[in-house]
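Structure first, then comments.
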Amino acid sequence: MDTFPNIRKIYYTILAVIGVPVNLVEIVILSRANCGLSTCTTRYLLNMAMADLLVIITDVILWKISFYYFPGSFLDITTVCSVIYVLTCAARDCSVWFTVTFSFDRFVAICCQKLKTKYCTEKTAAVVLATTCILVCLKNVPFYFTYEPGEIIKNVPWFCYSKPSYYLEPGWMAFDWLDTILTPVLPFALISLLNTLTVRYILVASRVRKRLRGQSSGENFSDSEMENRRKSVILLFTISGSFILLWLMYVMHFIYYNITGSNPECYTDALYIFQQAGVMLLSLNCCTNTFIYGVTQAKFREQFMSYVKYLVNSIIDF
């Protein structure tokens, strides 16, 4: 248990060192729109990358790493750390709900052919993402008022301590429940449902198309539509599957906490490590998409390698 804080310190440091550049690379590559993806899909993935980068900056660097490396800095002023926490919650919620909107967009594109032409457009994606971002930011504003200063030094309030009323007053307790249900319980359920419906539709459609094309009798025809669906599904499932796996421990702790009514301050060492491991894994979710694109998207790999070659050649020339 004594070594766990050091493990967290090293973990978040590595996460920051890796998370910022990989998300920046992802943003640059996706913004060039040369990855063979539709403009609609590219917009969703680009906004997800921007949200992930903001999570790394606000949550990992300004909130967690500053605690280890810059204790007592201006970041610990009550007003500043309250704002940072609000930005952290908003960025994390955007990252989560952008994943949900992307999953729904792919569900419509694959399963709802009549709605696809109207919904799966760049304009609709922009409206959906902007609306989601605004609603998420408004939802997290109350978090600013959940903290109080721990000390007053020369008339300046320092540090952020949760107000006791946040855990006692019915209004704040209802807000806490609403916040946890909206992120990540509801997104968790929606992504699982959308993926299940998508798989079911693809399996049924695949059998029908095989019969129509005569593949059931042993003939083998190339089917470009099914191939495009396959690539789209691989991208969808790797992103949403990664999200579900990395948030699973956090959701399990939420269920345990509410069923048992345990006080986190009275946790055993094992329960405390389980809780913090869940938080560490959900932070890792903001660094995985770039590697997912590299594995699943050939043109993304090509773009990435071209940037690497350009960087290496520039260093050699210098």
Side-chain angles (χ1 to χ4, degrees), residues 15-16 18-61 87-88 90-110 116 118-137 183 187 190-191 194 228 231-243 246-247 282-308 310-311:
L15 199 63
I18 295 176
V20 172
V22 298
N23 279 294
L24 284 174
V25 168
E26 181 183 341
I27 291 170
V28 170
I29 293 177
L30 290 174
S31 63
R32 293 175 62 87
N34 291 327
C35 296
L37 302 169
S38 66
T39 55
C40 177
T41 300
T42 300
R43 184 174 285 272
Y44 280 108
L45 299 182
L46 181 60
N47 279 268
M48 288 163 60
M50 294 170 67
D52 288 344
L53 178 61
L54 287 176
V55 174
I56 296 296
I57 293 173
T58 57
D59 183 32
V60 177
I61 297 177
L87 293 175
T88 295
R92 183 180 295 166
D93 286 2
C94 282
S95 175
V96 170
W97 279 98
F98 287 170
T99 305
V100 176
T101 56
F102 169 71
S103 300
F104 183 74
D105 175 80
R106 293 299 86 198
F107 167 76
V108 172
I110 295 171
K116 175 182 176 180
K118 294 182 179 180
Y119 184 83
C120 299
T121 63
E122 187 176 7
K123 182 178 180 181
T124 300
V127 172
V128 170
L129 291 167
T131 304
T132 302
C133 183
I134 292 171
L135 292 176
V136 161
C137 290
T183 306
L190 287 175
I191 290 175
L194 290 171
N228 291 334
K231 293 179 180 179
S232 182
V233 166
I234 290 174
L235 179 61
L236 169 65
F237 282 11
T238 49
I239 292 176
S240 57
S242 171
F243 167 81
L246 294 176
W247 277 81
L282 67 88
S283 298
L284 179 62
N285 183 63
C286 297
C287 299
T288 56
N289 284 351
T290 302
F291 299 101
I292 289 173
Y293 304 151
V295 172
T296 62
Q297 303 295 310
K299 291 188 177 181
F300 186 91
R301 289 196 300 273
E302 293 175 4
Q303 292 288 313
F304 176 75
M305 292 307 299
S306 67
Y307 281 111
V308 171
Y310 174 78
L311 180 61

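Looking at heavy atoms from C-beta onward, Asn289 lies in side-chain contact with Glu26 at the 4.5 angstrom threshold. The shortest side-chain heavy-atom distance between Leu53 and Leu24 falls under the 4.5 Å cut-off. Contact annotation: the side chain of Val100 approaches that of Leu190 to within less than 4.5 Å [non-hydrogen atoms, C-beta and beyond]. Looking only at side-chain heavy atoms (C-beta outward), Leu37 and Tyr293 stay at 4.5 Å or farther from each other. Using a 4.5 Å heavy-atom cutoff, the side chains of Tyr44 and Val128 are in contact. Using a 4.5 Å cut-off on side-chain heavy atoms (C-beta onward), Cys35 and Thr42 make no contact.
Across every non-hydrogen atom of Phe98 and Met48, the tightest pair is CB-CG, 3.6 Å. Scanning both residues, Val295 and Arg301, for their nearest heavy atoms gives O-NH1, 3.0 Å. Between Thr101 and Thr132, the closest heavy-atom pair is CG2-OG1, 3.9 Å. Heavy-atom minimum distance, Asp105 versus Cys40: OD1-SG, 3.1 Å. Heavy atoms only, all atoms of each residue included: Ser283 and Ile56 are closest at O-CD1, 4.4 Å. The two residues Cys286 and Asn23 make their nearest non-hydrogen contact at O-ND2, 2.9 Å.
With rounding to the nearest 0.5 Å, the separation of OG1 in Thr41 from CG in Leu235 is 7.5 Å. Here the CH2-CD1 distance, from Trp247 to Ile191, works out to 10.0 Å after rounding to the nearest 0.5 Å. To the nearest 0.5 Å, the span separating CG on Leu15 from SG on Cys287 amounts to 4.0 Å. Separating the CG atom in Asp93 from the CG atom in Leu135 is a distance of 11.5 Å, to the nearest 0.5 Å. Note that OG of Ser95 and CG of Asn285 are 5.5 Å apart. Values are rounded to the nearest 0.5 Å. Of the inter-residue distances, the one linking Ile292 atom CD1 with Phe300 atom CZ reads 10.5 Å to the nearest 0.5 angstrom.
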Do Tyr307 and Val25 pass the side chain to side chain contact (heavy atoms under 4.5 Å, CB included) test, and can you show the C-alpha distance, the side-chain angles, and the key distance before you say yes or no? CA-CA 9 Å; Tyr307 281 111; Val25 168; 5.7 Å; no
Give the intermediate values and the outcome of side chain to side chain contact (heavy atoms under 4.5 Å, CB included) for residues Val55 and Thr88. CA-CA 6 Å; Val55 174; Thr88 295; 5.8 Å; no
Please step through side chain to side chain contact (heavy atoms under 4.5 Å, CB included) for the pair Thr290 and Phe304, ending with a clear verdict. CA-CA 10 Å; Thr290 302; Phe304 176 75; 5.8 Å; no
Could you go step by step and tell me if Ile110 and Val233 meet the side chain to side chain contact (heavy atoms under 4.5 Å, CB included) rule? CA-CA 9 Å; Ile110 295 171; Val233 166; 3.7 Å; yes
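Donor-acceptor pairing under 3.5 Å is lacking for the side chains of Thr58 and Arg92.
In this structure, Ser103 contributes its side chain and Thr99 its backbone to a donor-acceptor pair below 3.5 Å. When atom types are taken as modelled, the side chain of Ser31 and the backbone of Val28 share a donor-acceptor pair closer than 3.5 angstrom.
By the 6.0 Å contact criterion, CZ on Phe107 is enclosed, its count of non-hydrogen atoms from other residues, nucleotides or ligands being greater than 12.
Two rings, from Tyr119 and Phe104, have their centers less than 6.0 Å apart.
A side-chain contact (heavy atoms from CB on, under 4.5 Å) with Arg43 is found for one member of Asn47, Thr39, Leu45, Leu46 and no other, namely Asn47.
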